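Below: the structure, in structure tokens.
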Number of protein chains: 2
Amino acid sequence: MSISTRSFTVNGKTYTPPASPVVVICLDGSADEYLDATMAHDRMPNLKKMTLAGYRGMVRGALPSFTNVNNSSIVTGVTPAVHGICGNFFYDTNRKEEVMMNSSEYLRAETILAAAANAGRKVAVVTAKEKLRDILSHKMTGIAFSAEKANQAQEATHGIGNVETTLNLKTPAIYSADASLFVLRAGVALIEQGLGDFLYLSLTDYMQHTYAPEDEPSLAFYEAIDHELGRLLALGAVIGATADHGMNAKQKADGSPNVLFIETMLTEQFGNGFRVICPITDPYVKHHGALGSYVAVHLPEGVDETAVSDWLQGQPGITEVHNKARAVHLLEQPEDRIGDLIVLSARDVVVGRTPAHHDLSALDSGLRSHGGRYEEMVPLLISHPLTAAYRSKALGDPRNFDVFDFTVNGTHHN
Amino acid sequence: MSISTRSFTVNGKTYTPPASPVVVICLDGSADEYLDATMAHDRMPNLKKMTLAGYRGMVRGALPSFTNVNNSSIVTGVTPAVHGICGNFFYDTNRKEEVMMNSSEYLRAETILAAAANAGRKVAVVTAKEKLRDILSHKMTGIAFSAEKANQAQEATHGIGNVETTLNLKTPAIYSADASLFVLRAGVALIEQGLGDFLYLSLTDYMQHTYAPEDEPSLAFYEAIDHELGRLLALGAVIGATADHGMNAKQKADGSPNVLFIETMLTEQFGNGFRVICPITDPYVKHHGALGSYVAVHLPEGVDETAVSDWLQGQPGITEVHNKARAVHLLEQPEDRIGDLIVLSARDVVVGRTPAHHDLSALDSGLRSHGGRYEEMVPLLISHPLTAAYRSKALGDPRNFDVFDFTVNGTHHN
Ligand SMILES: [Zn+2]
Ligand SMILES: [Zn+2]
């Protein structure tokens with residue numbers, strides 16, 4: 001059956017897909033250094049071939065540089081100010097509760113995936129973590145399942161049942177390289193079996209939280225990713241890949257986590273009533289202990305915002321403090337979900353709430369994490385040559401959430 | 001004659017050099033993408049070998065991400081707050097004049113080079129641009145000359161005469177790839193002839209201002225750099241290389257420069273009397289038109305600093321505005337040389353003074369420049385394996401101006 005090339009428009013942008021399978025991949029946590037290291041060892045021959053034929057460059061992600069935020073941007077093509085997802089977790093000032101933001105009820109924009117399905121593409125979404133599935137498959141007709149719960153997917157609810165048998169793949173453990181590799185292997189199988197021709201494959205960053213670029217398990221992981229890229233290319237896919245965020249070591253010289261507990265610090269300095277939200281918080285704490293380089297601060301009544309902001313800005317390890325107006329303007333945040341102050345920390349520093357809120361013993365090894373400015377820049381990898389217009393666009397300030405635009409609209413293919 | 005391994009201490013840090021030639025290179029303007037692109041084409045085999053045996057990672061440069069500032073940090077091992085060089089150009093509030101900062105009279109720290117010479121090393125400095133020579137060779141016994149004026153070097157003043165004959169090299173044109181390659185070739189010749197065993201080689205960024213990473217002239221340039229790296233490795237050198245800053249396109253979709261003229265904007269909004277200093281300003285304007293992503297603002301008497309700061313912070317394309325206290329604390333600036341406000345612009349935006357202050361017609365092609373936050377992160381490349389202590393240091397927030405420390409103190413050699 002032929003593949004639909006009908007144009008569709010979503011969030012103000014028109015996409016005109018090629019007649020080939022389109023595969024967009026979020027290489028979760030892939031700081032460029034991971035590619036550099038593995039390529040230097042000649043262990044990513046397919047990526048090398050792909051970027052020599054196509055494009056490799058750096059793009060700017062959305063802030064906070066967290067997984068949900070950037071996955072939401074990638075599938076909608078817009079900033080968090082527009083789509084509304086600014087973390088895994090936020091304080092709902094109307095309901096006066098701290099709630100997870102993993103549900104599509106919080107998503108304020110349509111997705112490129114749903115629109116592509118409506119335009120006749122066979123859309124399939126595979127994500128490593130179940131938490132992302134609801135947002136990514138919002139209003140979408142097609143296949144959507146997670147590696148984490150692959151064996152629970154049902155035809156009626158996931159667009160596919162019996163995943164393990166149908167795709168000949170075993171449901172992996174979530175804290176593993178296999179959780180991500182499963183996603184890519186499922187993508188290959190879906191195309192091979194004619195079940196999808198417009199794919200979004202979203203990996204998980206457990207490996208990057210755990211290993212530095214030169215560590216052998218990381219090299220082996222990227223080598224295995226490369227193998228799947230080769231299979232996708234062999235199937236004639238037009239591939240665009242990017243990352244949701246980079247990754248940096250956030251530890252002291254002795255290997256212990258380099259943490260500023262912001263709620264504790266503010267309480268000591270200014271008194272009670274501060275509420276610090278760590279938007280990295282999610283049910284999967286093993287790899288980062290809910291510690292990232294970005295928190296939101298809700299101020300108690302009557303405290304002087306400028307005094308708090310100036311004081312925070314003067315603390316070693318804090319690199320940016322923004323009030324609400326600036327967080328909206330500069331950080332592209334949704335005004336109603338971010339509290340009063342946004343705090344970002346240095347390349348090697350994470351910000352937390354209070355010691356009691358973070359179980360550091362859950363960390364496997366040294367702390368590697370993300371969320372701040374130093375994990376903002378990520379690679380963009382495109383399998384086919386860019387058109388002149390998109391080569392020029394790549395010389396501006398391209399974003400990671402332009403990856404569907406570059407892949408679908410920006411390439412010369414057959 | 002044997003090479004001195006005597007320890008020396010400078011600016012609070014002790015260096016214990018190996019008995020091999022030490023070569024530290026500033027690959028001016030080398031955003032990591034330049035290495036990625038050329039390596040993908042298999043045109044940097046020696047760098048590949050070198051980093052597989054040694055180390056490759058990203059380090060944070062000094063701000064502003066300009067050449068003089070970072071060269072001064074590299075040769076002193078300290079921040080601009082300590083060494084005092086915060087641009088090519090500044091407004092001297094005592095003398096009430098705008099003056100160049102190219103002279104060592106403005107340098108407030110001792111150099112590693114001078115200290116190494118005092119400890120018995122044969123020190124040689126070769127820089128592409130003459131403007132850097134005075135600062136780099138401050139109080140130093142040894143050889144120091146520029147590619148630009150190689151044929152004018154004198155034994156009495158430069159520690160070497162007849163450079164062209166002695167080293168068998170022709171003085172290159174300053175706006176050329178050869179200006180940088182000359183520096184590396186001179187380094188090779190100096191070691192070969194026993195004239196130097198502790199070298200600092202500082203290139204120029206004309207090529208990076210002019211070409212994007214995938215442009216053939218850039219690929220050929222990095223390939224030629226790689227050839228000289230191979231010759232240095234063959235001579236047994238311990239090599240550390242980094243960059244002073246990265247490089248980004250700063251242009252609109254039509255290829256025209258993406259400039260905010262800050263003095264003009266402030267005058268229109270708040271009236272006369274503003275003085276905006278572009279610290280990138282130097283006699284070499286052909287490649288950047290004195291436009292970078294960082295300016296200093298001197299406010300007129302009586303204007304409300306907070307009002308100006310808030311207004312600037314709200315302008316599209318402006319990413320950071322810091323008052324003096326924050327510029328000292330956060331940007332590591334010398335308090336007395338920076339004016340009242342520091343302004344940084346976006347990845348694709350440069351800030352200028354007034355249209356009359358910038359000759360855009362001098363630009364060869366599209367504008368590529370640096371100076372801001374998005375040119376802060378640069379590669380660190382070390383030829384020999386790092387010790388455990390320095391592998392751990394590399395997992396923190398290593399700086400480009402730690403390159404002598406990593407190269408001299410951080411490697412296993414022999
Ligand atoms: Zn992630
Ligand atoms: Zn430079």
Side-chain angles (χ1 to χ4, degrees), chain A residues 31-33 35-37 39-42 47-49 51-52 55-60 212-214 246 248-255 258 306 310 313-320 322-323 325-326 329-330 346-349 366 368 373-374 376-377 379 389 391-398, chain B residues 31-33 35-37 39-42 47-49 51-52 55-60 212-214 246 248-255 258 306 310 313-320 322-323 325-326 329-330 346-349 366 368 373-374 376-377 379 389 391-398:
Chain A
D32 199 52
E33 293 95 308
L35 306 179
D36 291 347
M39 290 177 89
H41 286 272
D42 290 323
L47 181 62
K48 184 174 169 180
K49 230 182 302 175
T51 60
L52 282 173
Y55 177 78
R56 175 180 178 187
M58 297 299 287
V59 290
R60 189 159 64 90
E214 278 291 345
N248 281 302
K250 307 278 183 180
Q251 58 193 51
K252 300 179 190 162
D254 65 3
N258 201 359
T306 306
D310 286 351
Q313 185 74 66
Q315 301 309 303
I318 303 280
T319 48
E320 297 178 45
H322 301 290
N323 62 17
R326 216 153 71 198
H329 163 67
L330 190 67
R347 188 188 183 197
D348 58 340
V349 176
R368 301 176 61 78
R373 187 68 72 181
Y374 290 93
E376 185 189 25
M377 299 303 297
R391 282 202 306 276
S392 166
K393 188 170 176 173
L395 288 179
D397 184 22
Chain B
D32 199 53
E33 293 95 309
L35 306 179
D36 291 347
M39 290 178 89
H41 287 272
D42 290 324
L47 181 63
K48 184 174 169 181
K49 227 180 308 175
T51 60
L52 282 174
Y55 178 77
R56 177 181 178 186
M58 297 299 286
V59 289
R60 189 159 63 91
E214 278 291 344
N248 280 301
K250 306 278 182 179
Q251 58 194 49
K252 300 178 190 162
D254 65 2
N258 201 358
T306 305
D310 286 352
Q313 185 75 65
Q315 301 309 302
I318 302 280
T319 47
E320 298 178 45
H322 301 292
N323 63 16
R326 217 153 70 198
H329 163 67
L330 192 67
R347 187 187 184 200
D348 59 340
V349 176
R368 301 176 61 79
R373 187 67 71 181
Y374 290 92
E376 185 189 23
M377 298 303 296
R391 283 202 305 277
S392 165
K393 188 169 177 174
L395 288 179
D397 183 23

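Naming: A, B, ... by sequence-line order, numbering from 1 per chain. Only a predicted model underlies this, so the values are computations on that prediction, with no experimental measurement involved.
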Proximity breakdown for B:K48 and chain A, heavy-atom pairs closer than 4.5 Å: side chain
Given B:H41, B:K49, B:R326, B:Q251, the one with more heavy-atom pairs under 4.5 angstrom with chain A than any other is B:R326
Greatest number of heavy atom pairs closer than 4.5 Å to chain A - which of B:A40, B:P379, B:S392: B:A40
What is the distance from atom CE of B:M377 to atom CE of A:M58, rounded to the nearest 0.5 Å? 10.0 Å
Report which part of A:Y374 has an atom under 4.5 Å of a heavy atom belonging to chain B: side chain, backbone, both, or neither. side chain
So which heavy atom on A:R347 is nearest to which on B:D397, and how close? CD-OD1, 3.7 Å
Quick one: pull up CG in B:D36 and CD in A:E33 and give me the separation to the nearest 0.5 Å. 9.5 Å
Need one label for A:I318: side chain, backbone, both or neither, based on atoms under 4.5 Å from any heavy atom in chain B. backbone
Checking heavy atoms, do the side chain of A:E376, its backbone, both or neither come under 4.5 Å from chain B? side chain
Under 4.5 Å heavy-atom distance to chain A, tell me which part of B:L330 shows up: side chain, backbone, both or neither. side chain
Bottom line for A:D32: the part with an atom under 4.5 Å from chain B's heavy atoms is side chain
So, the part of A:L395 with a heavy atom under 4.5 Å from chain B: the answer is both
Against chain B, work out which of A:G57, A:P213, A:A212, A:G314 has the most heavy-atom pairs shorter than 4.5 Å and name it. A:G314
Portion of B:Q313 that has a non-hydrogen atom of chain A nearer than 4.5 angstrom: both
Just verifying a value: how many Å separate B:T319 OG1 and A:E320 CD, rounded to the nearest 0.5 Å? 8.5 Å
